[in-house]
Amino acid sequence: MEKTGNSFKFGLDIIDHAIVDSLRQALENVMPDIMADNNLQERNGYGQFRWNVIIAQLRDKCQHLGWLELETCKRGAWKTPVLFHPASRNIFTLMTEGTFAEVQRRKEKGKHYLCGGASFNHDLQPQEEQMRMELPPVENTAEKWVAESREQLASAVHLDVGEISGHILVLFDVHDDKLLTVRAVRLTTDLEISTEEEDWSQFIRMPFAATQTIEPQQNDDDEGEELVELL
């Protein structure tokens, strides 16, 4: 991670491209093809079903890189994708901008799985505009739910994943089968967007070769030495 001037960078080269390309392929190509091939005009349940396609694309493109592990975390009848990057020891989850805005404003948002993910992040400051929004806080009584969500997210990826350094939320916006924006953010424990935010929208129309062969990245730092709710 690095910060140059007002531009923050997670330093996830190629991984950021792969995640964005997975979203683009799922939302702009695969889902419209499914509708057209089956002569479907109504979109009942469309928003929910497309997550199956997103997960399939993430599995195909991101796991091929050899840099990410992907599993799903079960939430009742729902499964949400959870990615793990061994080199940085970060986990990733994904959500639409609209859903995230709704979760932020919930009075009982402490029961949402995002609070478990945010608990992996430390020493973050919210963006100034977030501070002015006066979002409802996560109550201390939600500590049990947050702890269980944290454990479920960690174990969903791999049983012996070890220590997780942080959680990155990938937020995206789509309209009329077009992916409009993608950004990666870290959240504070009250689900505010922190100053660690990177815009990935530039990669939406950028060509990306998902079939390239890449050696798994090594972490040089070591040299020498469900009880939560999902929308």
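The structure displayed is predicted, hence computed values, not measured ones.
- In this structure, the side chain of Gln104 engages the main chain of Leu191 through a donor-acceptor pair within 3.5 Å.
- Annotation: side chain of Leu94 is not in contact with side chain of Leu171 (no heavy-atom distance under 4.5 Å).
- Closest of all the heavy-atom pairs between Val174 and Leu179 is CG2-N, 4.1 Å.
- The salt bridge (charged side-chain N to carboxylate O under 4.0 Å, His left out) analysis of residues 171-184, with sequence neighbours excluded, yields the pairs Arg43-Asp177, Glu97-Arg183, Arg183-Glu197.
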Begin from the C-alpha positions of Asp190 and Thr188 and carry the test side chain to side chain donor-acceptor pair (under 3.5 Å) through to its verdict. CA-CA 5 Å; Asp190 282 328; Thr188 70; 5.4 Å; no
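- Separating the CG atom in Asp60 from the CG atom in Asp21 is a distance of 10.0 Å, to the nearest 0.5 Å.
- Between Glu139 and Lys111 no salt bridge is recorded (no basic side-chain N to carboxylate O distance below 4.0 Å).
- For the pair Met31/Phe49, a side-chain contact is recorded, criterion being any heavy-atom separation below 4.5 Å from C-beta on.
- With a 4.5 Å cut-off on side-chain heavy atoms, Thr195 and Leu124 do not count as touching.
- Surrounding CD of Gln202 are more than 12 heavy atoms belonging to other residues, nucleotides or ligands, all under 6.0 Å away.
- Using a 4.5 Å cut-off on side-chain heavy atoms (C-beta onward), Leu27 and Ile54 make contact.
- Between the side chain of Glu196 and the backbone N or O of Arg186, no donor-acceptor pair lies under 3.5 Å.
- Under the 6.0 Å cut-off for aromatic ring centres, Trp200 and Phe92 do not qualify, their centroids lying 6.0 Å or more apart.
- Applying the side chain to side chain donor-acceptor pair (under 3.5 Å) definition to pairs two or more places apart or across chains, none involves residues 31-42.
- By the 6.0 Å contact criterion, NE2 on His122 is enclosed, its count of non-hydrogen atoms from other residues, nucleotides or ligands being greater than 12.
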